[in-house]
Amino acid sequence: MHVVAVLALDGVSAFDLTIPCQVFAFARRPDGSPAYEIRVCADRAVTTRAGEAEPFRLTAPYALADARGADTLIVPGIAADQTPHPRVVRLLREAAASGSRIASICTGAFVLARAGLLEGRRATTHWRFADDLAARYPDVTVDPSVLFVDDADVLTSAGIAAGLDLCLHIVRRDQGAAVAAEVARMIVMAPQREGGQAQFIEYREPGTDTDDLGGTLRWMRDNLHRPLTIADIASQASMSRRSLARRFRAQTGTTPLRWLLAHRVQRARELLETTDLPVGRIAESAGFGSIEALRHHFTQQVGTTPKAYRASFRV
């Protein structure tokens with residue numbers, strides 16, 4: 001039987017911890033027998049605490065050593081700034097070297113990165129912590145926009161509910177679509193959301209490192225409805241186009257037009273959530289000019305149509 005070891009590290013997110021337990025427990029072979037053996041493994045040297053929002057302690061039936069030899073190891077989320085115990089790092093490295101499949105849910109990606117398992121790979125985590133993961137581990141290609149990344153023997157997922165998508169994806173990969181669909185029915189969720197579907201990412205104001213472009217960024221946000229060009233932006237910033245491009249890249253990590261597009265999509269999202277404006281008016285207010293342009297860029301960035309987004313997120 002395929003053994004799935006779920007690591008209950010100190011400070012674990014209780015929701016993340018229970019996701020693989022639920023999903024893999026419901027997976028059954030055609031003859032009705034369990035498809036997986038599940039082991040929740042913890043460091044017996046400490047009493048495992050749940051995360052800050054979950055005021056209780058956990059007792060696991062298996063020790064960390066019992067995760068050795070598992071076919072799949074899953075690391076649920078812990079605090080992003082928490083340093084995993086060297087025993088955990090050794091365990092993951094040994095498991096990867098022996099051919100085990102390794103997966104993480106949410107900030108569990110930081111543990112995988114600490115063990116060196118994401119070096120040179122594409123990975124994801126909760127959008128809120130993606131910048132931190134990329135900064136701390138520059139050899140990892142962090143994609144904050146997707147639900148999960150399947151890189152063969154190493155898989156990572158975004159926040160909380162994306163762990164359900166990842167575990168269902170693993171069941172589908174191992175046991176086939178029919179088994180995965182039955183598990184989805186049991187846990188009452190859609191049978192499949194593709195890994196490439198976008199996370200819904202909250203806009204964040206520029207940080208203190210954007211001071212010398214702060215006025216320009218605010219001006220761009222205030223004029224999203226206008227057909228701004230690079231020449232317009234450079235003129236407002238009192239810079240040459242080349243200087244603008246260099247500073248913009250250094251301070252925002254992207255180009256002026258990409259930044260503008262992202263904020264136009266964000267404006268459209270806000271209007272879809274909080275107003276009853278027709279989609280055509282929203283396209284004009286956000287600077288897209290036409291419903292077709294809005295639909296194209298919105299679907300590309302958010303992973304769903306403006307109409308479907310409004311139906312899901314209308315306040």
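Only a predicted model underlies this, so the values are computations on that prediction, with no experimental measurement involved.
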Judged by atom type as modelled, is there a donor-acceptor pair below 3.5 Å linking the side chain of [X] to the main-chain atoms of [Y]?
{"X": "Arg121", "Y": "Asp151", "answer": "yes"}
{"X": "Thr156", "Y": "Ala109", "answer": "no"}
{"X": "Ser33", "Y": "Arg29", "answer": "no"}
{"X": "Asp232", "Y": "Thr229", "answer": "yes"}
{"X": "Arg264", "Y": "Leu224", "answer": "yes"}
{"X": "Thr124", "Y": "Ala158", "answer": "no"}

Any carboxylate oxygen within less than 4.0 angstrom of a Lys/Arg side-chain nitrogen, looking at Arg136 and Asp132? yes
Could you tell me whether Arg87 and Asp43 have a side-chain N and a carboxylate O separated by less than 4.0 Å? yes
Less than 4.5 Å apart, any side-chain heavy atom of [X] and any of [Y]?
{"X": "Glu273", "Y": "Arg310", "answer": "no"}
{"X": "Tyr36", "Y": "Val171", "answer": "yes"}
{"X": "Phe24", "Y": "Glu37", "answer": "no"}

Determine the sole option in Val40, Val12, Leu92 for which the side-chain contact (heavy atoms from CB on, under 4.5 Å) test with Leu7 is passed. Leu92
Show me the side-chain donor-acceptor pairs of residues 281-297 shorter than 3.5 Å, one per line, residues at least two apart or across chains.
| from | atom 1 | to | atom 2 | distance (Å) |
| --- | --- | --- | --- | --- |
| Ser285 | OG | Arg281 | O | 3.0 |
| Ser290 | OG | Ala293 | N | 3.1 |

Minimal non-hydrogen separation, Gly77 against Thr107, with atom names: CA-OG1, 3.3 Å
Sequence neighbours excluded, which residues qualify as side chain to side chain contact (heavy atoms under 4.5 Å, CB included) partners of Ala134? Val142
Sorted by chain and number, sequence neighbours left out, side chain to side chain contact (heavy atoms under 4.5 Å, CB included) with Arg173 holds for Arg101, Asp150, Leu155, His169
OG1 (Thr254) and CH2 (Trp259) are apart, to the nearest 0.5 Å, by 10.5 Å
